[in-house]
Amino acid sequence: MAPSGAGLLVLTAPLAALPGRAAAAVAAAAGVVAGPLYVHLQPGLRLAGPAAPPAAPPACPALLRALAALYAAAAAQRGLDLRVLLSPGGRLARPPRVLLAPAAEAPGPPEPVQRGLQRLAATAYGCPPRLPALLLADPPGDPPEHPQEHDAALPDFSDVAVGGTFDRLHGAHRLLLSVCCLLARQRLLAGVADGDLLRHKVLPELIEPYELRAAKLREFLQDVKPSLRYDIVPLADPYGPSVTDPDLQCLVVSEETRRGGEAVNKKRLENGLPELALYEIVLMKDPDHSQNEEEKISSSSLRQRLLGTLLRPPRQDPALPSRPYVIGLTGGTGSGKTSIAKLLGQLGAFLIDADKLGHAVYVPGGPAYKQVVATFGAEILTEDGTINRKVLGAKVFGNHERLKSLTDIVWPEMAQMVKEQIGEADARGKAVCVLDAAVLLEAGWQDMVHEVWTAIIPEEEAVKRIMVRDGLSEEAAYSRLRSQMSNSQRVEQSQVVLCTLWEPDVTRKQVEKAWELLQQRLNQ
């Protein structure tokens, strides 16, 4: 059966058994459900027995271990959208289309178990009474042993706070938020980093907008524990309302953020407020992290894995010939765009260097030569009659009107030369053509390409590269960089993003991944 829609997985085994069973149960459910996959935990429930009221799992360390195992299992299923429900009784954001239970947890004839699943889903979550109900096949081998449970209850607080970026909610986020929900009786205050707090994150250009992150966060929380009140606020500084809200009692932290929690308490004392209890959670390890990624499951690692992938659909323009397939490669100065173009050329792409075409339009006899000289005067010429690009650049730099006069002359001529080069690529039988052009978006040349690929680099790193390469001062390098389109502006208009921040081998692997995925798109 092909995975489709949302599903509800009911697990009735003892909580202590779930860490050993989670991977198999989630993998089996992932074969049926595209997501979200909701999980109802009710240890000891007999699905085939008499009707029993839905009940929340006990808030204890065994539940935390079960949650960690389930969210880790979901991460192994290509980030399956798993939501473990901690308080039955709410309407789910994405109504389930199928009900699931492991066959091993529901012995006996399937019909009574299926009716029990339907009854539970209807009573606890308002699902239609006749949803399809499936029993998942047992994994091969003996069922794992599990220890006896002797866990004390978790502490609880009326109002709990937590903060984070919450970009593309992953398993570690979900575990963190679930802990917050278990600790809180009335309210959870969730601060979502925004503005300057994002500047020094890895690949900030790929962080989802605040509104989208907040909406996804609220949907997850309201599904998981609908009985709580959720205050979701943007954080413009590391503290936010945690240092001014008198009702807060607890702040949930990790080993990494504990010092931040201690700083919050220091500020609270300065503000005449009592300290918060700091509840520390254990970070989830990422078994699949690569050399340049963090060992923990993190948003920054997930953003790095987006590099080279298709972020938005290619342009659909009937007027654009399907062959050769044209990639527009762009990026700011110092971004490493040229090195990416060379790698694509080695993989088989026909390369068009817009910078070389730019030089060609200025040479005596070139298509833009006479008009440029007539517009900007003979003082831009050298003794041999060629245009001095540095003198011309000085005339237009910082003057928007003069710069536009120049680009209105030069860009159309360059575009015509690009079209001729694309025609040459077609004549040579090349399937893919890469237009390497820093001004691709500014010139409006995206209309000539099927996909825009952008090379990005943090501003600080770009400045260092420009200073070394061109011998400029730091101030001049920043000035040059900030006169161009920003990384974020380019990314917003791009299908694929690449980054040359790390070792050349990391860039090469990104480009090879992007090329392989491109070939798959072309062969569909």
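Quantities reported herein were computed from a predicted structural model and do not represent experimental measurements. FYI, side chains are in, hydrogens and waters are out, and symmetry mates aren't considered; it's all heavy atoms of this structure.
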**Q.** Leu206 vs Leu311 side-chain heavy atoms within contact, under 4.5 Å
**A.** yes
Q: Nearest 0.5 Å please: distance from the CE atom of Met485 over to the CG atom of Leu441.
A: 5.0 Å
Q) Hey, mind stepping through Val252 and Leu176 against side chain to side chain contact (heavy atoms under 4.5 Å, CB included) and telling me if it holds? A) CA-CA 8 Å; Val252 180; Leu176 168 67; 3.5 Å; yes
Q | CD on Gln510 to CG on Leu307, rounded to 0.5 Å | A | 4.5 Å
Q) In Å and rounded to the nearest 0.5 Å, what is the CZ to CD distance from Arg115 to Gln118? A) 8.5 Å
Q. Any donor and acceptor pair, going by atom type alone, linking the side chain of Asp159 with main-chain N or O of Leu189 inside 3.5 Å?
A. no
(Q) I'd like to know if the side chain of Thr257 reaches the main chain of Val253, judged simply by a donor and an acceptor atom lying under 3.5 Å from each other, with no hydrogens or angles considered. (A) no
Q: To the nearest 0.5 Å, tell me how far Ser322 OG sits from Asp317 CG.
A: 12.0 Å
Q: List the atom of Ala73, the atom of Ala23, and the distance in Å for their closest heavy-atom pair.
A: CB-CA, 3.7 Å
Q. Do any N or O atoms from the side chain of Arg218 and from the backbone of Tyr230 form a donor-acceptor pair under 3.5 angstrom?
A. yes
Q | Audit row: Leu64, Ile281, side chain to side chain contact (heavy atoms under 4.5 Å, CB included) steps and yes/no | A | CA-CA 10 Å; Leu64 299 187; Ile281 67 159; over 6 Å; no
Q. Is it the case that more than 12 heavy atoms not belonging to Glu255 sit under 6.0 Å from its CD atom?
A. no
Q | Heavy-atom closest contact (Val33 atom, Gly5 atom, distance) | A | CG1-O, 3.2 Å
Q: Mind running side chain to side chain contact (heavy atoms under 4.5 Å, CB included) on Trp445 and Thr330 for me, showing each step along the way?
A: CA-CA 11 Å; Trp445 294 346; Thr330 189; over 6 Å; no
**Q.** Charged N-O contact under 4.0 Å between Asp223 and Arg94
**A.** no
Q: Determine whether Pro241 and Leu235 make a side-chain contact, defined as any pair of heavy atoms from C-beta on separated by less than 4.5 Å.
A: yes
Q | N/O donor-acceptor pair under 3.5 Å between Arg213 side chain and Asp194 backbone | A | no
Q. Can you tell which of Arg521, Gln495, Arg315 makes a side chain to side chain donor-acceptor pair (under 3.5 Å) with Glu451?
A. Arg521
Q. Between the side chain of Arg91 and the main-chain N/O of Gly126, is any donor-acceptor distance below 3.5 Å?
A. yes
Q) At their closest point, which heavy atom of His40 faces which heavy atom of Gln42, and how far apart are they? A) NE2-OE1, 2.7 Å
Q) Above 12 or not: heavy atoms from other molecules or residues under 6.0 Å from CD of Glu516? A) no
Q | Of Leu183, Val162, Leu276, the residue whose pairing with Cys250 passes side-chain contact (heavy atoms from CB on, under 4.5 Å) | A | Leu183
Q.
More than 12 heavy atoms of other residues, nucleotides or ligands under 6.0 Å from NZ of Lys509: yes or no?
A. no
**Q.** Student check: side-chain heavy atoms of Gln249 and Gln186 closer than 4.5 Å
**A.** no
Q: Would you check if Glu461 and Thr500 make a side-chain contact, meaning some heavy-atom pair closer than 4.5 Å?
A: no
(Q) Using every non-hydrogen atom in the two residues, find where Pro95 and Ala6 come nearest and quote the distance to one decimal. (A) O-CB, 3.8 Å
(Q) Using modelled atom types and a 3.5 Å cut-off, is there a donor and acceptor pairing between side-chain atoms of Arg168 and backbone atoms of Ser299? (A) no
(Q) Less than 4.5 Å apart, side chain to side chain, heavy atoms only: is that true for Val10 and Leu99? (A) no
Q: Can you tell me which residue pairs pass the salt bridge (charged side-chain N to carboxylate O under 4.0 Å, His left out) test with a partner in residues 227-253, sequence neighbours excluded?
A: Arg187-Asp231, Arg187-Asp245, Arg229-Asp231
Q: Would you name the heavy atoms of Ala66 and Leu15 that are closest together and state the gap between them?
A: CB-O, 4.0 Å
Q: Given side-chain hydrogen bond (donor to acceptor under 3.5 Å, both in side chains), test Ser488 with Ser486 step by step and report yes or no.
A: CA-CA 5 Å; Ser488 295; Ser486 70; 4.9 Å; no
Q. Looking at side-chain heavy atoms only, is the closest gap between Glu460 and His200 below 4.5 Å?
A. yes
Q: Identify the heavy atoms of Val496 and Ala514 that sit nearest to each other, and give their distance.
A: CG1-CB, 4.4 Å
Q.
Can you confirm whether Leu11 sits close enough to Leu18 that some side-chain heavy atom of one is under 4.5 Å from a side-chain heavy atom of the other?
A. yes
Q.
How long is the straight-line distance from CG of Leu347 back to CH2 of Trp515, given to the nearest 0.5 Å?
A. 6.0 Å
Q.
With a 3.5 Å distance limit and no angle check, can you tell me whether Lys225 reaches the backbone of Cys180 through a side-chain donor-acceptor pair?
A. no
Q) Does Lys267 offer a backbone N or O that forms a donor-acceptor pair with the side chain of Tyr239 under 3.5 Å? A) no
(Q) Contact between Lys513 and Leu498 at the side-chain level, heavy atoms closer than 4.5 Å - yes or no? (A) no
Q) Can any side-chain N or O of Glu275 pair as donor or acceptor with the backbone N or O of Asn265 at less than 3.5 Å? A) no
Q. Is the shortest side-chain N to carboxylate O distance from Glu512 to Arg508 below 4.0 Å?
A. yes
**Q.** Full working for side chain to side chain contact (heavy atoms under 4.5 Å, CB included) between Glu442 and Gln489
**A.** CA-CA 11 Å; Glu442 294 90 333; Gln489 289 172 319; over 6 Å; no
Q. If you round to the nearest 0.5 Å, how far is CG of Leu8 from CG of Leu131?
A. 9.0 Å
Q) Where does the angle between the aromatic ring planes of Phe166 and His173 fall among parallel (under 30°), tilted (30 to 60°) and perpendicular (over 60°)? A) tilted
Q: Verify, without hydrogens or angle tests, whether Arg268 (side chain) and Pro274 (backbone) share a donor-acceptor contact under 3.5 angstrom.
A: yes
